[in-house]
Participant: 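I have a structure I would like to understand better, so I am pasting it below and will then ask my questions one at a time.
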Amino acid sequence: MTVSTPRDAQDAAPRRKRWRRAALWAVAAFVVLEVLLNVALNVGVVQAIMRRGTDRVVLSWQRAWWLWPMGRLHLRDFTLTKQDPDLWWKVEVESLSARISLASLLSNHVDVKAIDGHGASFQLEPSSAPEEPPSEPGSRPWEIELRDVTLHEVRVLDFSRVRFAGSLDVTGSLHLKSREQLLVDLPSVRVEQGFVEVDAKKVARLETLTARAVLDAPFRDGQGYDLSQALSGQVQAKVELFPLDWINEQLGASAPLSLRGGAGRVDLDVRMQKGALEAGSKVDAQGAELDLRAGPMRARAPWSLQASLEPERPEGPSGQVAVVFAPVRLTGPGGKGVEVPEVALFVFARRRPGDRGFDLEPDLRVAKSQPLDLRVINPWLEQTLEIDSGHVTVRSEERPKGSKARGPLSLRMDTDLVSGSMGKHKVLLRAEVEVDARHLSADLTELGLAGTTLRLSKVSTNGPVPIRAWSGVFTLPRASLSLSPTVLSARFASHLTDTQPLVALLTTSKGLPSFLTSLLNIREVDVTGQVRIDERGLQVRELKAKGQGFSLEGHLDLVRGDITGALLTTIGAVTGAVELRPGHNNLHLVEPKRWFDAQKTPPFR
């Protein structure tokens with residue numbers, strides 16, 4: 001008897017073989033796909049594809065592996081580089097893992113999420129690159145989206161000359177759509193400790209720092225990404241400042257200014273909304289004694305800085321910055337000095353209606369100093385006026401006690417009766433200098449003193465034509481004080497009630513020529529010119545004087561009472577030229593204008 005196998009059983013065996021074969025082929029295909037994918041990741045195929053499709057954005061890595069589709073992508077030495085017309089920046093991460101959508105790459109979209117990185121750095125440098133060519137019509141720009149990013153141990157943030165080195169943790173996201181928008185959202189930035197460096201020199205230690213920030217920058221054709229209103233967020237930090245000696249390297253070896261000391265601490269809480277400071281921002285800083293040397297002068301003082309921005313108030317300013325030095329010790333080249341109890345600069349800020357900016361209102365307050373012996377400036381001034389005795393005090397405009405009103409922004413220097421000599425002639429005078437601090441300016445070589453007023457009173461000399469209790473006011477619309485060497489240069493203007501000083505300059509003997517004796521009776525004269533005072537004496541150029549029936553022009557040099565120069569003077573219908581020489585003067589009445597024009601005006605030294 002023959003037993004036959006059921007037909008279903010006969011078909012089952014081949015089906016099982018086919019399924020096993022299909023499964024093996026599927027596994028083999030998957031393995032081949034995995035191998036190809038990992039090979040493509042490691043030989044630069046993926047980087048090359050993305051480089052062709054993005055504008056100046058380069059993603060690269062040294063090693064990669066990915067168990068697709070369930071596993072995470074792992075990268076070693078990952079780098080993201082972006083070249084803009086003005087900036088070049090790069091992010092480097094030693095090790096990184098993430099989940100990435102492979103299908104999104106087919107639509108020019110890099111979609112990466114759950115990114116976890118360790119050992120990162122950021123570098124930003126100014127750069128110049130040609131403008132990006134316009135996209136071809138119908139082309140689709142690449143889009144890079146990094147979501148749920150966590151970076152541990154960010155060791156370096158390098159902004160060209162300024163650098164952070166330490167350990168920083170960041171969480172956030174990045175969305176970059178080429179030639180459309182750059183969006184960076186950092187809900188948490190935390191520093192436990194780190195250092196701030198300038199040109200590879202440590203200048204501060206970050207004790208703690210927490211921050212959150214959003215950078216939303218749209219792309220402007222022909223301008224790149226617009227950062228003017230892109231930044232919003234908050235930074236809170238405690239900072240230890242190292243001594244400020246490092247600033248000297250920034251100034252250069254030839255700079256007349258130098259700083260020493262000034263180490264301190266800073267607590268700050270800065271808040272911004274779309275690039276504008278927000279209410280609640282504040283800075284509180286203070287430091288040890290700061291030693292400033294400017295030319296022959298030296299100033300030493302502890303310092304403090306406080307700044308705050310409050311909600312807008314119609315009755316007062318919304319912001320205030322106060323920089324205070326107290327006490328300030330000033331010394332000159334001879335070591336003699338004076339102490340000023342306090343120097344404080346306040347800047348009040350009022351937000352402009354309907355505007356993002358502020359109107360700033362400065363207010364300088366200088367407590368009255370102790371008297372300073374003016375002989376300290378003899379090494380600079382002695383060729384013009386050698387001081388035998390006299391003192392000066394420095395102060396700002398005084399306010400009534402209890403007054404909250406802010407006075408004019410001015411600095412005043414007043415002397416007692418100063419006694420000195422110009423060569424063999426004795427001089428007595430009192431001087432008052434008022435500096436309009438609103439026009440103060442400074443750079444590495446000089447201090448701008450435009451708007452300064454000089455008032456002289458009780459001026460007396462025992463020269464051949466004595467001056468008795470003369471007074472005058474001189475305004476300096478342009479003035480500057482160079483620090484090394486010390487040189488005062490100014491354009492001056494004055495309205496003189498009489499011409500006593502001019503007469504004293506024009507004669508070296510009591511017997512004045514009859515042509516000049518009329519000067520003794522001239523009143524109400526306007527005088528202008530340029531003056532320069534340095535260690536070698538005083539020079540006057542473009543000297544001009546006008547009065548009723550009187551005019552004068554010329555130039556002169558004054559060194560220890562000796563005068564050299566040339567003047568052209570008209571009194572009534574008579575014109576004469578005066579040649580000034582040490583010890584005597586020559587009067588030219590024949591063709592005086594021709595003689596005067598032939599005298600070349602020497603330039604300032």
Participant: Would you say that Val343 contacts Val324 through its side chain, given a criterion of any heavy-atom pair below 4.5 Å between the two side chains?
Facilitator: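 In short, these two side chains do not touch, never coming nearer than 4.5 Å.
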Participant: Side chain to side chain contact (heavy atoms under 4.5 Å, CB included) for Asp597 and Gln599? Distances and angles first, verdict last.
Facilitator: CA-CA 5 Å; Asp597 291 340; Gln599 309 304 305; over 6 Å; no
Participant: Where do Arg375 and Asp373 land on the salt bridge (charged side-chain N to carboxylate O under 4.0 Å, His left out) test, with the steps shown first?
Facilitator: CA-CA 5 Å; Arg375 288 177 295 179; Asp373 191 337; 2.7 Å; yes
Participant: For a quick test of reading the model, state the closest non-hydrogen atom pair linking Gly576 to Leu589 and the distance between them.
Facilitator: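 Here Gly576 and Leu589 meet closest at CA-CD2, 3.8 Å.
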Participant: Quick one: sort the His588 and Trp595 rings into parallel, tilted or perpendicular, breaks at 30° and 60°.
Facilitator: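 Ring orientation of His588 relative to Trp595: parallel.
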Participant: Would you check if the side chain of Thr393 reaches a backbone N or O of Pro371 as a donor-acceptor pair within less than 3.5 Å?
Facilitator: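 Answer holds: no.
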Participant: Looking only at side-chain N and O atoms, does Gln530 offer a donor or acceptor that is under 3.5 Å from a partner on Glu542?
Facilitator: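 Gln530 and Glu542 do have a side-chain donor-acceptor pair below 3.5 Å.
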Participant: Could you pull out all donor-acceptor pairs under 3.5 Å where a side-chain atom in residues 544-557 meets a protein atom, sequence neighbours excluded?
Facilitator:
from, atom 1, to, atom 2, distance (Å)
Asp557, OD1, Arg541, NH1, 2.8
Asp557, OD1, Arg541, NH2, 3.0

Participant: CD of Glu535 to CD of Glu382: how many Å apart, nearest 0.5 Å?
Facilitator: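 Spacing of CD (Glu535) from CD (Glu382) equals 8.5 Å.
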Participant: Could you give me the CA-CA distance, side-chain angles and deciding distance for Phe492 and Val527, then say whether side chain to side chain contact (heavy atoms under 4.5 Å, CB included) is met?
Facilitator: CA-CA 8 Å; Phe492 66 88; Val527 181; 3.9 Å; yes
Participant: For Arg468, does the CZ atom have more than 12 heavy-atom neighbours from other residues, nucleotides or ligands under 6.0 Å away?
Facilitator: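 Enclosed.
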Participant: So Gln320 and Glu310, side chain to side chain contact (heavy atoms under 4.5 Å, CB included) or not? Walk me through it.
Facilitator: CA-CA 9 Å; Gln320 175 178 310; Glu310 304 297 335; over 6 Å; no
Participant: Please report the C-alpha distance between Trp380 and Thr486 in whole Å, then the side-chain angles of each, then the deciding distance to 0.1 Å, and finally whether the side chain to side chain contact (heavy atoms under 4.5 Å, CB included) criterion is met.
Facilitator: CA-CA 7 Å; Trp380 171 58; Thr486 305; 3.8 Å; yes
Participant: Any salt bridge linking Lys593 with Glu591? Criterion: basic side-chain nitrogen under 4.0 Å from a carboxylate oxygen.
Facilitator: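 Not counted as a salt bridge, because no side-chain N and carboxylate O are separated by less than 4.0 Å.
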Participant: Tell me, do Leu381 and Ile533 make a side-chain contact under 4.5 Å, heavy atoms counted?
Facilitator: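 Of all side-chain heavy-atom pairs linking Ile533 with Leu381, at least one is under 4.5 Å.
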Participant: So, Lys201 and Asp199, do they make that salt bridge, N to O below 4.0 Å?
Facilitator: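 No.
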Participant: Kindly indicate, with the supporting measurements, whether the criterion salt bridge (charged side-chain N to carboxylate O under 4.0 Å, His left out) is fulfilled by Lys282 and Asp267.
Facilitator: CA-CA 8 Å; Lys282 58 183 178 180; Asp267 292 346; over 6 Å; no
Participant: Would you indicate whether the side-chain heavy atoms of Leu309 and Ser318 approach each other to under 4.5 Å?
Facilitator: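 Result yes, sub-4.5 Å side-chain heavy-atom pair found.
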Participant: Hey, does Glu342 have a side-chain heavy atom less than 4.5 Å from the side chain of Phe325?
Facilitator: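 No, too far: nothing below the 4.5 Å cut-off.
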Participant: Using atom types as modelled and distance alone, determine if a side-chain donor or acceptor of Arg430 lies under 3.5 Å from a backbone N or O of Lys458.
Facilitator: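 Looks like no, no N/O pair under 3.5 Å.
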Participant: Mind listing the closest non-hydrogen atom pair of Ser460 and Ala469 along with its distance?
Facilitator: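 That would be OG-N, 3.2 Å.
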Participant: Looking at CG of Leu244 and OG of Ser258, how far apart are the two atoms once the value is rounded to the nearest 0.5 Å?
Facilitator: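 Leu244 CG to Ser258 OG: 12.0 Å, rounded to 0.5 Å.
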Participant: Looking at Ser369 and Pro341, what are the two nearest heavy atoms and their distance?
Facilitator: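 Between these two residues, the closest heavy atoms are CA-CD, 4.2 Å.
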Participant: Quick one: does Asp436's side chain have a donor or acceptor within less than 3.5 Å of a partner on Ser410's backbone?
Facilitator: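 Flag not set: sc Asp436 to bb Ser410 has no pair under 3.5 Å.
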Participant: How about Leu411 and Val394: do any of their side-chain heavy atoms sit closer than 4.5 Å?
Facilitator: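 Counting from C-beta outward, Leu411 and Val394 do come under 4.5 Å.
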Participant: Distance check, rounded to the nearest 0.5 Å: Leu417 atom CG versus Ser457 atom OG?
Facilitator: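 Reported to 0.5 Å precision, the distance equals 8.5 Å.
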Participant: Under 3.5 Å, is there a donor-acceptor pair between the side chain of Ser471 and the main chain of Leu456?
Facilitator: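 Checked: no pair found.
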Participant: What heavy-atom pair brings Thr384 and Gly537 nearest, and what distance separates the two atoms?
Facilitator: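 Between these two residues, the closest heavy atoms are OG1-C, 3.3 Å.
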Participant: Would you confirm whether Ser494, through its side chain, and Val473, through its main-chain N or O, come within 3.5 Å as a donor-acceptor pair?
Facilitator: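 Yes: the side chain of Ser494 pairs with the backbone of Val473.
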Participant: Within the 3.5 Å criterion, strictly below it, is a donor on Asp526 or His495 matched to an acceptor on the partner's side chain?
Facilitator: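 Side chains of Asp526 and His495: pair found under 3.5 Å.
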Participant: Might you work through the salt bridge (charged side-chain N to carboxylate O under 4.0 Å, His left out) test for Asp414 and Arg395, ending with a clear yes or no?
Facilitator: CA-CA 9 Å; Asp414 303 289; Arg395 61 182 174 86; 3.3 Å; yes
Participant: Pick one: which of Thr497, Thr461, Asp498 meets side chain to side chain donor-acceptor pair (under 3.5 Å) with Trp470?
Facilitator: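 Answer after filtering Thr497, Thr461, Asp498: Asp498.
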Participant: Are Arg161 and Gln250 close enough that a side-chain donor and a side-chain acceptor fall under 3.5 Å?
Facilitator: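 A donor-acceptor contact under 3.5 Å links the two side chains.
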Participant: Under a 3.5 Å threshold, yes or no: a donor from one side chain and an acceptor from the other, between Thr570 and Thr575?
Facilitator: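 Their side chains do contain a donor-acceptor pair, which is all the 3.5 Å distance test asks for.
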Participant: Whether Arg365 engages the ring of Phe346 as a cation-pi pair (distance to the six-membered ring centre under 6.0 angstrom, angle to the ring normal within 45°) should be assessed.
Facilitator: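 The answer is yes; both the distance and angle limits are met.
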Participant: Which heavy atom of Asp388 sits nearest a heavy atom of Ser421, and at what distance?
Facilitator: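 Smallest interatomic distance, heavy atoms only, reads OD2-N, 4.2 Å.
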Participant: Can you run down the side-chain hydrogen bond (donor to acceptor under 3.5 Å, both in side chains) pairs that involve residues 239-248, sequence neighbours left out, and say none if there aren't any?
Facilitator: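 Applying side-chain hydrogen bond (donor to acceptor under 3.5 Å, both in side chains) to every pair that reaches into residues 239-248, excluding sequence neighbours, yields Arg205-Glu240.
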Participant: Would you mind reporting whether Val435 and Val433 have side-chain heavy atoms less than 4.5 Å apart?
Facilitator: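 Side-chain contact under 4.5 Å: yes.
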Participant: Taking the side chain as C-beta and beyond, is there a heavy-atom pair between Val162 and Val196 under 4.5 Å?
Facilitator: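 Yes - at least one pair of side-chain heavy atoms lies under 4.5 Å apart.
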Participant: With rounding to the nearest 0.5 Å, note down the distance linking CD1 in Ile387 to OG in Ser389.
Facilitator: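 If I round to the nearest 0.5 Å, the distance is 9.0 Å.
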Participant: Donor-acceptor pair, distance only, cut-off 3.5 Å: does the side chain of Arg532 make one with the backbone of Arg605?
Facilitator: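 Yes; judged by distance alone, with no hydrogens or angles, the pair exists.
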Participant: So, for Leu567 and Leu580, which heavy atoms are closest and what is the spacing to 0.1 Å?
Facilitator: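 For Leu567 and Leu580, the tightest heavy-atom pair comes out as CD1-CD1, 4.0 Å.
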Participant: Checking the side chain of Ser281 only, and the main-chain atoms of Val270 only, is there a donor and an acceptor separated by less than 3.5 Å?
Facilitator: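 Checked: no pair found.
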Participant: Closer than 3.5 angstrom, by distance alone: can the side chain of Glu339 be matched with the main-chain N or O of Leu330 as a donor-acceptor pair?
Facilitator: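 Side chain of Glu339 to backbone of Leu330, a donor-acceptor pair under 3.5 Å: no, none is there.
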Participant: Out of Arg298, Arg260, Arg329, which residue meets the salt bridge (Lys or Arg N to Asp or Glu O under 4.0 Å) rule with Asp291?
Facilitator: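 Only match with Asp291 under salt bridge (Lys or Arg N to Asp or Glu O under 4.0 Å): Arg298.
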Participant: Rounded to the nearest 0.5 Å, what separation is found between the OG1 atom of Thr564 and the CG atom of Leu558?
Facilitator: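 One finds 9.0 Å between OG1 of Thr564 and CG of Leu558.
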Participant: Looking at OG1 of Thr415 and NE2 of His391, how far apart are the two atoms once the value is rounded to the nearest 0.5 Å?
Facilitator: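 Output value for this atom pair is 11.0 Å.
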Participant: So Arg300 and Thr331, do their side chains get closer than 4.5 Å, heavy atoms only?
Facilitator: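 Thr331 reaches Arg300 side chain to side chain.
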Participant: Are Glu432 and Arg412 close enough for a salt bridge, meaning some N to O gap below 4.0 Å?
Facilitator: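 Yes, this pair counts.
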Participant: Where the side chain of Trp303 meets the backbone of Leu290, is there a donor-acceptor pair that is under 3.5 Å apart?
Facilitator: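 Such a contact is absent between Trp303 side chain and Leu290 backbone.
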Participant: Using a 3.5 Å cut-off and no angle test, enumerate the donor-acceptor pairs between side-chain atoms of residues 475-482 and protein atoms at least two apart in sequence or in another chain.
Facilitator:
from, atom 1, to, atom 2, distance (Å)
Thr475, OG1, Ala493, O, 3.3

Participant: Spell out, as yes or no, whether a donor-acceptor pair under 3.5 Å connects the side chain of Asn462 to the backbone of Lys426.
Facilitator: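 It does hold such a pair.
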